[in-house]
Amino acid sequence: MNTTKRYTVTSALPYANGALHLGHLAGAYLPADIFVRYLRLLGKDVVWVCGSDEHGAAITIRAKKEGISPRAIIDKYHELNKGSFERLGISFDIYHRTSADLHHETAQDFFKHLDAKGGEFEEKTNEQYYDEEYNQFLADRYITGTCPKCAHTEAYGDQCENCGSDLSPTELINPKSTLSGKTPILKETTHWYFKLDKHAAWLQEWIENGQVEGKEHHNPKAWKNHVLGQCLSWLSDLRPRAITRDLDWGIPVPAKGADGKVLYVWFDAPIGYISATKQWAIDNNKNWEDYWKSEDAELIHFIGKDNIVFHCIVFPAMLKAHGDYVLPTNVPANQFLNFEGRKFSKSKGWGIEMHQYLEEFKDFPNKEDALRYALIRNMPESKDADFKWDEFVEFHDNELVANIGNFINRVVVLTNKYYEGIVPEAINNESAASELASVHTIITELCQEIEKYNFRNAIQKLMELSSVGNTYLQDVSPWKIWKEDPECQAVKNCLHNCIQIVGFLSVLCEPFIPFSSDKIRALLNLPKVNSGNLASLLDLFKAQKSLIPAGHKIGDPTLLFAKIHDRKDHSRLELIEKQKADLQAILDAEVPPHEPVKDTTTYDDFVKLDIRTGTIVEAEKVKKTDKLLKLTVDVGFEKRTIVSGIAKHYKPEDLVGQEVVLLVNLAPRKLRGVESQGMILTAENTKGELCLISPKQVFGNGFVVK
RNA sequence: GGCGAGGUAGCUCAGCUGGUUAGAGCGCAGGAUUCAUAAUCCUGAGGUCGAGAGUUCAAGUCUCUCUCUCGCUACCA
């Protein structure tokens with residue numbers, strides 16, 4: 001590790017309108033926890049900040065729906081998430097919230113500074129939907145209407161939750177305000193935009209080469225591939241981004257003519273890292289600027305991949321535009337965790353939330369570390385990963401129980417049996433030199449892996465450490481020697497060395513499985529690990545001194561982990577089986593997905609559609625498209641050119657001669673430069689497969705379908 | 001179509017700037033052992049490194065083409 005004096009570590013601020021699930025935990029919190037605990041063990045000066053992100057329209061909407069205040073929502077989820085984190089050993093230095101006054105001030109100051117500086121913002125006026133009854137502009141989420149793509153009648157202004165397509169409010173058919181239920185009008189409004197585009201050049205240099213203004217800033221090779229890739233693909237097309245909204249929930253924009261406007265959440269949220277640090281500094285008698293404005297401060301953002309663009313482009317641009325702040329030296333974004341083969345989905349009940357796990361596994365011994373271990377072992381560090389209960393069981397029983405737990409138990413039992421728990425002295429210990437050397441190598445590698453954010457590898461090193469212990473114990477087989485000669489020095493040496501390994505484990509496992517670390521320390525009759533413990537451990541090792549000296553009395557043997565596949569006690573296996581059964585029940589209960597039935601229409605409306613039979617006479621692909629075919633269709637009285645999105649399902653040559661049914665009085669429209677004069681009718685099933693609709697027998701062209 | 005990531009043993013993945021018979025863990029098969037939560041330890045089987053072409057004395061590793069998976073994006077009348 002380099003000579004940096006301070007670390008400022010952040011984890012993505014959870015949005016306070018819902019509970020976090022295991023995917024969030026594995027993405028941005030657990031990895032940061034490992035990293036920060038490790039730094040603390042080395043005695044580094046580090047602050048790790050996080051907190052609730054409590055603004056934005058989604059919260060006000062939810063509050064309205066549930067008939068409670070936004071404040072009630074954020075209080076509820078702030079407490080819930082904060083509590084779950086604590087119970088899982090996520091050791092933030094502060095879990096702040098963006099509703100705090102300190103944050104409001106900080107964010108407003110930040111805005112004012114950029115505004116006063118000039119050149120960073122611009123104001124633009126455009127038309128947005130406005131609710132005349134409530135006299136306010138409507139955020140995207142406040143408008144519902146019919147989705148233009150799937151005809152779902154309750155699509156939001158920014159997204160249709162039925163078909164998943166991203167929308168803009170003006171695309172909605174029949175828009176309605178969720179406040180008054182009435183049709184909103186379009187009205188001009190002014191917003192502030194952050195001129196992101198003007199930062200493109202230095203951002204590129206910074207991300208690609210790790211240099212800022214010709215000065216080396218960080219090693220770009222230390223960044224994850226997928227992070228670099230995504231950043232660079234964004235850089236080619238940076239545009240000014242709106243940073244204000246017409247909303248009454250959030251941080252008021254501190255500028256003239258900004259009544260009724262608040263800072264857009266993505267602008268205020270990352271500033272939350274700064275305000276959290278300020279609050280922590282006040283509470284702990286520190287100077288927050290040392291962690292944000294000092295050259296020897298190293299800023300690291302832990303996030304999920306959905307946040308890469310904000311943390312690698314937008315926020316750095318904000319910091320640089322401001323001028324006084326350091327830029328992140330790394331953004332080790334994780335990919336996504338799936339759950340038993342599917343995406344986590346709250347609405348479908350797929351997956352498990354942190355508080356839910358804690359509740360349902362409340363009788364499971366060492367449940368926190370069991371979960372942490374499984375998530376770390378299979379962390380989505382460089383590609384999406386999948387959480388499976390079967391793997392959870394395997395990791396737990398084969399690795400935590402059979403490898404680490406068993407080794408520690410063997411050593412503690414033997415020491416108690418042979419020496420009444422007193423650590424024996426090692427004399428002429430050279431025979432164990434190779435074991436101790438490999439222990440040293442593993443410890444070194446473990447540290448390096450953590451420093452490279454490779455936590456999966458790191459935790460496997462932990463397992464290697466206890467494997468070396470197990471192998472060593474097996475090689476010496478002290479129980480054999482002891483039967484012949486209880487006073488034999490070889491037995492004493494062996495157990496002395498094994499206890500040292502247990503001691504190393506107790507320290508090195510702390511970043512990963514802190515609850516177990518405490519238990520191992522208790523077994524060894526030692527205090528909990530503390531800041532700087534790893535540094536002194538490494539020093540002792542160098543000086544070839546024992547971590548736990550001869551004569552020290554260790555505790556009585558107790559089990560660290562209880563096997564899930566236990567012959568006598570099936571309770572834990574049943575717990576797992578229940579989880580699996582619950583998932584199966586969801587799968588079984590699933591109604592075949594279907595399009596919602598549209599609103600009732602009339603015969604008069606129906607006859608407006610002129611649907612006729614026809615025959616495809618020519619077909620070719622439209623260039624530079626995936627799905628589009630240009631078809632010439634004979635409708636009897638004339639030939640029509642029709643562009644149709646069926647290229648993924650039909651080859652042009654197979655279509656010629658095919659009879660079809662088509663809408664002939666649809667207004668013509670250009671698609672990719674080709675004018676389409678109608679629409680071929682197809683059906684689409686849930687797999688997305690298309691089927692042309694056509695007469696059952698040869699019928700002739702141009703006849704009306706009714 | 002554009003951009004990004006990825007396709008390596010049954011499964012999950014390592015393989016840096018190209019260099020001897022391609023690795024680990026799990027799983028599997030055989031053996032050893034009993035201090036230990038039927039845990040541990042040893043040995044072994046298993047891969048034409050997505051396909052093809054090229055550069056090179058030498059390619060999983062570089063270049064090109066193709067193909068499949070995932071994400072973003074365009075398009076779907």
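Keep in mind that what you see is a predicted model, and the values were worked out from it rather than measured. Labels below follow one simple rule: chain letters A, B, ... track the order of the sequence lines, proteins then strands, and each chain is numbered from 1.
For the P atoms, the distance from B/rG23 to B/rG54 is 28 Å, rounded to whole Å. Separation of the P atoms belonging to B/rG52 and B/rU43 is 35 Å when rounded to the nearest angstrom. As rounded to the nearest Å, B/rG18 and B/rA53 have P atoms that lie 23 Å from one another. Across the C1' atoms, B/rC13 and B/rA5 are found 16 Å apart, a figure rounded to whole Å. A gap of 25 Å separates the P atoms of B/rA9 and B/rG30, to the nearest Å. B/rU33 and B/rC42 have their P atoms separated by 15 Å, with the value rounded to a whole Å. One P atom belongs to B/rU40, the other to B/rC49, and the distance between them is 34 Å to the nearest Å.
Contacts of A/D397 with the nucleic acid, taken as non-hydrogen atoms under 4.0 Å apart, are absent. At the heavy-atom level, A/K483 lies under 4.0 Å from the strands shown only through sugar-phosphate atoms. Using a 4.0 Å heavy-atom criterion, one finds that A/L228 contacts no nucleic acid atom at all.
A residue-by-residue look at A/K388 and A/S466 shows that A/K388 has its nearest nucleotide of RNA chain B further toward the 5' end.
Nearest heavy atom pair, residue A/N525 against residue A/K553, reads ND2-O, 3.0 Å. Heavy-atom minimum distance, A/I404 versus A/S466: CG1-OG, 3.4 Å.
Between A/W350 and A/F344, the ring center distance fails the sub-6.0 Å criterion. Residues A/H21 and A/F339 keep their aromatic ring centres 6.0 Å or farther apart. Aromatic pair A/F361/A/W389: centroids less than 6.0 angstrom apart.
Nearest nucleotide to the side chain of A/N378, out of B/rU12, B/rU40, B/rU37: B/rU12. You'll find that the side chain of A/N470 is closest to B/rC41, out of B/rC41, B/rU12, B/rA36. Comparing B/rC35, B/rU40, B/rC42 against the side chain of A/A402 picks out B/rU40 as the nearest. Looking at the side chain of A/E399, the nearest of the listed nucleotides B/rU33, B/rG25, B/rA38 is B/rG25. Looking at the side chain of A/E394, the nearest of the listed nucleotides B/rU34, B/rC26, B/rA38 is B/rC26.
Nucleotide B/rU61 forms a pair with no other nucleotide shown, judged by Watson-Crick or G-U wobble geometry with both contacts under 3.5 Å. B/rU56 makes up no base pair with any nucleotide shown, lacking Watson-Crick or G-U wobble contacts both under 3.5 Å. Remark: B/rC72 base-pairs with B/rG2. Criterion, Watson-Crick or G-U wobble with two distances under 3.5 Å. In this structure, B/rU40 forms a base pair with B/rA32, meeting either the Watson-Crick or the G-U wobble geometry with both donor-acceptor distances under 3.5 Å. A 3.5 Å limit on both hydrogen-bonding distances identifies no Watson-Crick or G-U partner for B/rU20. Nucleotide B/rC26: paired with B/rG10 (Watson-Crick or G-U wobble, both distances less than 3.5 Å).
Taking atom CG of A/L337 as the reference point, atom C1' of B/rU12 lies 14 Å away to the nearest angstrom. As rounded to whole Å, 17 Å separates atom P of B/rC35 from atom CG of A/L559. Rounded to whole Å, the distance from CD on A/Q474 to P on B/rG31 is 17 Å. In this entry the distance linking CD1 of A/I308 with C1' of B/rA5 reads 10 Å, nearest Å. Atom-to-atom, CZ of A/F561 to C1' of B/rA36 comes out at 15 Å; the value is rounded to the nearest Å. Per the geometry, CZ belonging to A/R572 stands 14 Å off P belonging to B/rU37, to the nearest Å. Rounded to whole angstrom, the span from the CG atom of A/D386 across to the C1' atom of B/rC11 amounts to 12 Å. Atom-to-atom, CG of A/D390 to P of B/rU12 comes out at 14 Å; the value is rounded to the nearest Å.
Only A/N406, A/N409, A/R410, A/V413, A/L414, listed by number, bring a heavy atom of residues 403-415 of chain A to less than 4.0 angstrom from any atom of RNA chain B.
A side-chain donor from one of A/S516 and A/D369 sits under 3.5 Å from a side-chain acceptor of the other. Between the side chains of A/Q489 and A/N493, at least one donor N or O sits under 3.5 Å from an acceptor N or O. Side chain to side chain, A/E399 and A/N403 fail the donor-acceptor criterion of an N or O pair below 3.5 Å. Side-chain contact, A/K224 with A/N334: a donor N or O sits under 3.5 Å from an acceptor N or O.
Under a cutoff of 6.0 Å and an axis angle of 45°, A/K305 and A/F336 form a cation-pi pair.
Residue A/K305 places none of its side-chain N or O atoms closer than 4.0 Å to OP1 or OP2 of B/rC72. For the OP1/OP2 pair of B/rA39 and a distance below 4.0 Å, the side-chain nitrogens and oxygens of A/K563 include at least one atom meeting the criterion. For A/S382 and B/rA14, the shortest distance from a side-chain N or O to OP1 or OP2 is below 4.0 Å.
Base orientation of B/rG46: syn, the glycosidic angle falling within 90° of 0.
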